[in-house]
Student: 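Take this structure, written in structure tokens, and hold onto it; I'll ask about it next.
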2 protein chains.
Amino acid sequence: MRADAARNREKVLSAARELFAEQGFDVPLDEIAARAGVGPGTVYRHFPTKQALFQAVTEARVRTMIESAAAPADDPGAALFAFLTRMAGEAAAKRDLTDAITLPSELLDDLHRALGGLLHRAQGAGAVRADLTTGDLVALMKGMLRSLHEGANPGVLLEIVLSGLQSSRKP
Amino acid sequence: MRADAARNREKVLSAARELFAEQGFDVPLDEIAARAGVGPGTVYRHFPTKQALFQAVTEARVRTMIESAAAPADDPGAALFAFLTRMAGEAAAKRDLTDAITLPSELLDDLHRALGGLLHRAQGAGAVRADLTTGDLVALMKGMLRSLHEGANPGVLLEIVLSGLQSSRKP
DNA sequence: GACGATACGGAACGCACGCCCCGGTTGGCA
DNA sequence: TGCCAACCGGGGCGTGCGTTCCGTATCGTC
């Protein structure tokens with residue numbers, strides 16, 4: 001690859017990182033190109049589609065998340081709670097993580113599997129109500145992340161979700 | 001108004017009710033017109049804008065919700081929980097309610113006020129954690145509704161949210 | 001320094017959608 | 001029944017966005 005091409009590729013990635021983090025997947029691609037100081041055509045020389053650029057920006061972060069979820073832990077309940085806490089913190093700071101786990105992609109299957117394992121182990125330890133399915137947990141997490149972008153207090157919201165996971169309601 | 005005009009108005013409203021309920025605000029207006037068996041121009045003769053049509057379909061339902069939230073109750077905690085339960089049930093069945101309370105509108109202020117009152121009374125009775133603000137509750141509710149549309153089990157999700165509202169996490 | 005391959009930029013295309021316009025039609029009153 | 005105002009349909013406009021095309025500029029080599 002030519003030197004200027006490599007330079008432009010980095011400029012595009014850098015601009016995409018900033019704008020996807022600020023505004024999520026919905027930023028116009030022209031805006032990314034403008035921030036990078038290149039034309040839209042140049043973006044498409046390096047990434048075949050907007051989705052591909054988005055993946056290039058988010059894939060590593062999501063994969064790190066998946067790995068941290070799959071890692072063994074001696075307190076399964078705490079591990080699940082720590083994972084959700086980390087997820088919330090990351091999503092509150094960068095809007096693109098929420099889109100990355102909401103838009104369809106192959107990575108999602110891995111994430112679901114990892115979350116399923118985390119949930120199962122936590123349920124085995126009695127730390128989380130037993131009638132929760134992986135699908136429920138994923139949906140709950142997505143809803144929580146989106147609430148964060150609407151200005152909810154992250155700490156309070158997280159506490160509510162975590163305490164709600166533990167047991168059924170008091171009579 | 002001419003008889004055929006009145007008939008068409010009803011056909012448009014009926015089609016809009018169905019499609020907004022199924023797909024939310026995002027259905028193309030042309031699709032609503034097609035389902036009603038009229039042209040797009042006819043829709044605009046009766047409703048100046050897509051938003052206006054959406055409001056015509058949802059306003060009454062939202063207003064009923066607000067009134068039920070504002071009604072006095074002898075058990076404030078149960079009243080708040082009942083309201084959220086009803087909201088979840090309604091939103092699980094009809095997608096447009098979620099959009100109606102997410103998209104900006106004047107009705108939202110009323111809803112926030114009603115929810116704020118409900119929350120305050122429940123907190124006064126000690127049924128809900130005291131550090132929760134109205135904004136937090138609204139964000140939590142929106143997140144819950146959206147989680148429902150992602151396929152979460154409504155019963156389980158609702159229980160999690162309600163039990164989470166009550167108290168902080170076990171140590 | 002010249003030349004070919006490579007990359008650039010931005011104008012242009014296709015598409016989807018909200019919204020408007022106008023020639024034709026229809027309803028209801030005289 | 002005839003007439004006109006009200007109304008209808010759908011083609012068309014403007015906009016925003018993802019994507020593509022191509023004439024031009026730039027890089028790296030001989």
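Here the structure is a predicted model, which is why all the values come from computation and not from measurement. Throughout, protein chains are lettered first and strands after them, A, B, ... in sequence-line order, and every chain is numbered starting at 1.
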Student: In residues 95-104 of chain A, which residues come under 4.0 Å of DNA chain D by heavy atom?
Tutor: none

Student: Looking only at side-chain N and O atoms, does A:D136 offer a donor or acceptor that is under 3.5 Å from a partner on A:T133?
Tutor: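 Indeed, the side chains of A:T133 and A:D136 share at least one donor-acceptor pair under 3.5 Å.
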
Student: Run the numbers on B:V161 and A:V161 for side chain to side chain contact (heavy atoms under 4.5 Å, CB included), then give the verdict.
Tutor: CA-CA 7 Å; B:V161 171; A:V161 170; over 6 Å; no

Student: Taking side chain as C-beta onward, heavy atoms only, is B:L137 less than 4.5 Å from B:L165?
Tutor: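 In contact.
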
Student: Would A:E22 and A:K94 count as a salt bridge (Lys or Arg N to Asp or Glu O under 4.0 Å) here? Give the steps.
Tutor: CA-CA 6 Å; A:E22 287 169 17; A:K94 306 202 165 185; over 6 Å; no

Student: Salt bridge (Lys or Arg N to Asp or Glu O under 4.0 Å) between B:R61 and B:D96: does it pass, once the steps are laid out?
Tutor: CA-CA 10 Å; B:R61 285 218 312 284; B:D96 52 354; 2.7 Å; yes

Student: Go through B:R146 and B:T98 one step at a time and tell me if the side chain to side chain donor-acceptor pair (under 3.5 Å) criterion holds.
Tutor: CA-CA 7 Å; B:R146 272 200 283 256; B:T98 303; over 6 Å; no

Student: One character per nucleotide, please: for nucleotides 17-30 of chain C, 5' to 3', B when the base has a protein heavy atom closer than 4.0 Å, S when only the sugar-phosphate does, - otherwise.
Tutor: SSBBB----BSS--

Student: I would like to know whether A:R63 and A:E67 meet salt bridge (Lys or Arg N to Asp or Glu O under 4.0 Å); could you show each step before the answer?
Tutor: CA-CA 6 Å; A:R63 216 171 271 291; A:E67 280 160 19; over 6 Å; no

Student: Considering only heavy atoms of chain A and a distance under 4.0 Å, specify the first and last nucleotide of DNA chain D in 5' to 3' order that meet this criterion.
Tutor: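 It runs D:dC17 to D:dG28.
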
Student: Can you tell me how the ring of B:F20 sits relative to the ring of B:F25, calling it parallel under 30°, perpendicular over 60° and tilted otherwise?
Tutor: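 Ring orientation of B:F20 relative to B:F25: parallel.
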
Student: Got A:L162 and A:T85 here, is their nearest side-chain heavy-atom distance under 4.5 Å?
Tutor: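 They are in side-chain contact.
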
Student: Does A:N8 put a side-chain nitrogen or oxygen below 4.0 Å from OP1 or OP2 of C:dC8?
Tutor: yes

Student: Among A:D109, A:L111, A:L115, which residue meets the side-chain contact (heavy atoms from CB on, under 4.5 Å) test with A:R113?
Tutor: A:D109

